[in-house]
Visitor: 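A single structure is presented below for examination.
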Amino acid sequence: KLGETDTQEQLLGNDEVVAGLKDALKVGTETVVGNLGTTDGFNLDSQIHIPLPEQFDQVKSILGRIGMDSMLTDLELGLNRAAELATPKAKSLFLSAINDMTLDDAMAIYKGADDAATQYFKSKMAAPLALEMKPVVDESLAEVGAVKMYDDVMKSYESVPFAPAVDADLSDYVVEKGMDGIFYYLAKEEAAIRQDPLKRTTDILKKVFGN
C-alpha cells in the first residue's frame, strides 16, 4: 500500500508526489463526473439509483390501492434525471479543490487511506457543491417534468380520505443523494488508481503510484 515505506518517497521529490497526486485526482474526478452526468448514470445504477424519499412509502401504498402507483415510478425517474443533469457542475469545483491543495494536504492524502482524497474533497467542497447543484436540480426537476409529476401525485394522494400529510423537499433530497453518488464512486476510483496499474493513465501517475 502507498505510504507504508519510505522507499518511494526517497525516490521521488515532493513536487513529483504532488504533481502525481493531482494528476490522479483529475483523472478520477473527470471519470466519475463523466460517467454519472449522463443519461441513466444514476437511474440504471443500482448502487446510486435515487429512490423516492421514505415519506413517499405511505403515498405509494395508498395510491397502489387505487391503481395509480405508476405515477410514482415516473416521479422517481425524474429525480434521477435531475441528478444526472446537475452532476457536471461538480467538475469545476473538483478542479478548484485540486488546484488549492497544499503540500501538507497532498502528502497526507498520499500517505493516507484508500479514500483519503475523497474525504478531503468532502471536507472542502460538500457545502459549495450543494449550492452549485441546487439551482440546477431545481431547474432540472421542472425540465424533466418532476415538479408537475409531484403536484399530480400529491393531488391524487390528498384526494384519498384520511390520507396522512406528507412533506418532502425533493430538490434538497436530490442534491444530497446526488452528492452521495458522486463521492461513492470517487472513493472507488481513488482506490483503483492507487491499487490497479491499468488505471494509471499518465507517466507521472505510473511513476508516483507504481511499485
Side-chain angles (χ1 to χ4, degrees), residues 1-38 40-51 80 83-84 86-133 173-211:
K1 178 180 177 296
L2 294 176
E4 289 184 350
T5 71
D6 294 330
T7 304
Q8 189 77 348
E9 287 177 62
Q10 291 168 356
L11 296 174
L12 294 166
N14 286 343
D15 288 346
E16 287 182 303
V17 171
V18 173
L21 181 66
K22 289 187 174 184
D23 225 8
L25 297 179
K26 286 175 183 176
V27 169
T29 55
E30 287 180 5
T31 297
V32 170
V33 171
N35 289 343
L36 303 191
T38 57
D40 288 327
F42 275 83
N43 185 53
L44 293 185
D45 189 323
S46 61
Q47 297 298 323
I48 60 170
H49 174 88
I50 301 175
N80 285 273
E84 291 157 6
T87 292
K89 297 296 288 185
K91 185 174 181 178
S92 62
L93 291 175
F94 276 124
L95 290 177
S96 293
I98 292 167
N99 290 334
D100 292 344
M101 192 176 290
T102 66
L103 173 62
D104 287 344
D105 291 333
M107 296 308 294
I109 291 169
Y110 178 67
K111 297 177 182 179
D114 282 353
D115 68 342
T118 302
Q119 295 306 319
Y120 168 83
F121 282 129
K122 280 186 178 181
S123 69
K124 293 289 184 182
M125 60 180 282
L129 179 56
L131 288 174
E132 286 280 343
M133 289 181 69
Y173 175 75
V174 170
V175 169
E176 177 188 349
K177 293 298 184 183
M179 290 197 303
D180 285 349
I182 291 168
F183 287 123
Y184 172 82
Y185 272 112
L186 182 58
K188 286 189 170 297
E189 189 69 18
E190 179 187 354
I193 288 172
R194 289 174 182 267
Q195 297 169 0
D196 182 359
L198 295 179
K199 296 291 275 187
R200 300 172 198 143
T201 56
T202 68
D203 289 340
I204 190 68
L205 281 181
K206 292 170 185 173
K207 188 172 183 181
V208 173
F209 293 106
N211 293 324

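Here the structure is a predicted model, which is why all the values come from computation and not from measurement.
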Visitor: Is the count of non-hydrogen atoms from other residues, nucleotides or ligands lying under 6.0 Å from Lys124 atom NZ greater than 12?
Guide: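 Count not over threshold, so no.
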Visitor: Who pairs with Ala108 by side chain to side chain contact (heavy atoms under 4.5 Å, CB included), at least two apart in sequence or on another chain?
Guide: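 With neighbours one apart ignored, the set is empty.
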Visitor: Which pair of heavy atoms, one from Ala187 and one from Asp115, lies closest together, and at what distance?
Guide: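 It is CB-CB, 4.2 Å.
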Visitor: Can you list the residues that meet the side chain to side chain contact (heavy atoms under 4.5 Å, CB included) rule with Leu131, with sequence neighbours excluded?
Guide: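 Result, side chain to side chain contact (heavy atoms under 4.5 Å, CB included) vs Leu131: none returned.
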Visitor: Name every donor-acceptor pair, under 3.5 Å, that has one atom in a side chain of residues 88-95 and the other anywhere in the protein, sequence neighbours excluded.
Guide:
none

Visitor: Give, for atom CD1 of Ile182 and atom CE of Met125, the distance between the pair rounded to the nearest 0.5 Å.
Guide: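 The distance works out to 7.0 Å.
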Visitor: Under the rule for side chain to side chain contact (heavy atoms under 4.5 Å, CB included), what residues qualify as partners of Thr102, not counting sequence neighbours?
Guide: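 In terms of side chain to side chain contact (heavy atoms under 4.5 Å, CB included), with neighbours along the sequence ignored, Thr102 is linked to Asp104, Asp105.
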Visitor: With sequence neighbours left out, what residues match Glu176 under side chain to side chain contact (heavy atoms under 4.5 Å, CB included)?
Guide: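 So Glu176 forms a side chain to side chain contact (heavy atoms under 4.5 Å, CB included) with Asp180.
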Visitor: Closest approach of Val174 and Ile50, non-hydrogen atoms and distance?
Guide: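 Reported closest heavy-atom pair: O-CD1, 4.4 Å.
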Visitor: Could you list the residues that satisfy side chain to side chain donor-acceptor pair (under 3.5 Å) with Glu30, not counting sequence neighbours?
Guide: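 Partners of Glu30 by the side chain to side chain donor-acceptor pair (under 3.5 Å) criterion come out as none, since no residue qualifies.
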Visitor: I'd like to check the side chain to side chain donor-acceptor pair (under 3.5 Å) partners of Thr118; sequence neighbours left out, ordered by chain and number.
Guide: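 Thr118 satisfies side chain to side chain donor-acceptor pair (under 3.5 Å) with Glu190 once adjacent residues are dropped.
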Visitor: Measure across Gly41 and Glu84 and return the closest heavy-atom pair with its distance rounded to 0.1 Å.
Guide: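 Where Gly41 meets Glu84 most closely, the heavy atoms are N-OE2, 3.3 Å.
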Visitor: Taking only residues two or more places apart in sequence or in another chain, which ones pass side chain to side chain donor-acceptor pair (under 3.5 Å) with Ser46?
Guide: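 Not a single residue meets the side chain to side chain donor-acceptor pair (under 3.5 Å) criterion with Ser46.
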Visitor: Does Tyr185 have any side chain to side chain donor-acceptor pair (under 3.5 Å) partners at least two apart in sequence or in another chain, and if so, which?
Guide: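 Asp45.
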Visitor: For residues Pro51 and Tyr173, report the shortest heavy-atom separation together with the two atoms involved.
Guide: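 Taking Pro51 first and Tyr173 second, the nearest heavy atoms are O-OH, 2.6 Å.
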Visitor: Given 3.5 Å as the limit, does a donor-acceptor pair link the side chain of His49 with the main chain of Asn43, or not?
Guide: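 Yes; judged by distance alone, with no hydrogens or angles, the pair exists.
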